[in-house]
Undergrad: 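Take a look at the following structure, please.
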Amino acid sequence: MEPISNRPGIQKIKSADKRKKVCEALESLRFTENDVKQMMKVFEEQIDYANSLNEEDRKKSDLFWECTYVSDLVKGNENGRYLGLDLGSTNFRVVLVDLKDGEAKTTTKYYNLTDDQLSGPAELVFDHIAASMEVFITEEKIQSQKPIGVGFTFSFPTVQKSLKKSILVTWTKRFKCTNGPGLDPCILLEEAIERKGGLSVPVNVMARISDTTGTLMAGSYYDKKCAIGLILGSGSNACYVEHLKNFKKLDPKEAKSDKILVNCEWGAFGDNGCLDFCRNEFEREVDQYSNFPGSYTFEKSFGGFYLGEMFRVVLVKLTKAGVLFDGKGSDELMTRWLWKSRQVTTVEKDNPGSSENTMSVLKQMKLDTIATEEDVLLVQEACYLMSQRAAYIVATALAVLLNHINEPEVSIGIDGSLYEHHPRFHHHMTTLLQKLVPSTKFRLFLVKDGSGQGAALVAAVESS
Ligand code: BGC
């Protein structure tokens, strides 16, 4: 990353003394070449540990590196109707995929969860899922005598025991239910359906997958070269196609081919301190006041659920240093977790020289009347630098996966609101990846709602 002082908006600050203070305050947003190299090395080491057959070695890594037990990508000859359920954010989704010789017709509906459901007993969440399934079945007039295959995208860290069986380790993101860890999400779902007295059509819950696996499956439906599914939403994670010989934890006799779909579950990367060399004060502060301090280090450095708060923390630092908002700010600036990633993506939508979007955010945060022209520029630069760092961190980890895949051409399917709405994330990721994996022709592409659609596709692939 170029020196902070090179940024055009920083160069426009008139006072040399102020410029110096700004550069000092923002210096830790730089993700240097050295950080990139070191992170790739550490990531590779952690993969080795996570992959080890020796339990003591495995404990040295916070990566889950789980076999998904999904036997294949989408082949293109699947048939039938399947349901996908997608739980991972407050936006629970039900997806119907109707396949005719591999051609999919997809219908998606959203059923938001309330704050009470997110923080009460887990059963409330699963009752909501069962109730939403029934609403969907009724609204879509689905009829069937035979059980409809269901794939369940449940996007929280779990230990995967088989295609269907998995055990939740901890809630993440906005979820803080009073129970759940230690339980199997598919069983919780089946129990909730039973509590309802069943659904109006029979269903067969076939698989629990992560949203990354769903995105990889949906990605492979659109692009046969897709070998990575990436989530850049509230949280983050990736699933990729690994050579079986590189995945030591699975007995090759259990494998269905020489390739295996691995759910990296990379959010907790760094919880053991291996990323301390590059963590900055902003990441530490966000973590300290988050739902689960001391956990999900990697995810918290760029996940959409955290970026808004990080932006606020950066601006508070500049304010307290006396170089922004006349050192004063507003109550909204000082309120933790009030800023969302929406504020980040909105500011980033301003092109150089324009400030309309930034002003709308400053207005929401009661900062518009005190912001000077230099303040506006500084807010934009802080947002740019923080976003660039975030995208570079993701690209660094992706480069390691691309090296593992080791194919001349690889497509990366991406789902999640951060990637979808951030106007520069794609560009920053591409720029760094081109440097890190020059011999791979890669393509990053949006797979909108891929996580839920992919769950239905898993049910299809496993049924065919
Ligand atoms: C979860 C992952 C999930 C990711 C993206 C993380 O918080 O632990 O399982 O894939 O978010 O939604």
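The figures that follow rest on heavy atoms only: side chains count, while hydrogens, waters and symmetry mates do not. Throughout, residue positions are numbered sequentially from 1 according to the sequence presented. Whatever order the structure lists them in is the order used to number ligands and atoms, beginning at 1.
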Undergrad: Going by distance alone, is a donor N or O of one side chain under 3.5 Å from an acceptor N or O of the other, for Ser295 and Asp271?
TA: no
Undergrad: For Glu265, take its heavy atoms, then give the atoms of ligand 1 lying under 4.0 Å from any of them.
TA: 1 (C), 2 (C), 8 (O), 9 (O)
Undergrad: I need the contact type for Pro157 against ligand 1. Using non-hydrogen atoms and a strict under-4.0 Å cut-off, is it side chain, backbone, both or neither?
TA: both
Undergrad: If you measure every N/O of Asp211 against every N/O of ligand 1, is any gap under 3.5 Å?
TA: yes
Undergrad: For ligand 1, does Phe156 get within less than 4.0 Å through its side chain, its backbone, both, or neither, judged by non-hydrogen atoms?
TA: backbone
Undergrad: Which ligand 1 atoms are under 4.0 Å away from a heavy-atom of Glu299?
TA: 6 (C), 7 (O), 11 (O)
Undergrad: Would you kindly say whether Gln343 and Thr346 are connected by a side-chain donor-acceptor distance under 3.5 Å?
TA: no
Undergrad: Could you check whether any heavy atom of Ser210 sits closer than 4.0 Å to an atom of ligand 1, since that is the contact criterion I want to use?
TA: yes
Undergrad: Would you check if there is a donor-acceptor pair between the side chains of Asn357 and Ser360 at a distance under 3.5 Å?
TA: no
Undergrad: After noting the C-alpha distance and the side-chain angles of His422 and Ser387, does the key distance pass the side chain to side chain contact (heavy atoms under 4.5 Å, CB included) rule?
TA: CA-CA 9 Å; His422 195 300; Ser387 300; 2.9 Å; yes
Undergrad: Please could you name the atoms of ligand 1 that Ile231 approaches to less than 4.0 Å, counting only its heavy atoms?
TA: 5 (C), 12 (O)
Undergrad: For Lys300 and Ser290, test the side chains for any donor-to-acceptor distance below 3.5 angstrom and give the result as yes or no.
TA: yes
Undergrad: Please check if the number of heavy atoms outside Lys224 that lie under 6.0 Å from its NZ is greater than 12.
TA: yes
Undergrad: For Ser451 and Asp211, which heavy atoms make the closest approach, and how far apart are they?
TA: CB-CB, 3.4 Å
Undergrad: Report the part of Ser236 (side chain from C-beta onward, or backbone N, CA, C, O) that has a heavy atom under 4.0 Å from ligand 1; answer both or neither where that applies.
TA: backbone
Undergrad: Give the residue, atom name and distance (to 0.1 Å) of the protein heavy atom nearest atom 11 (O) of ligand 1.
TA: Lys173 NZ, 3.1 Å
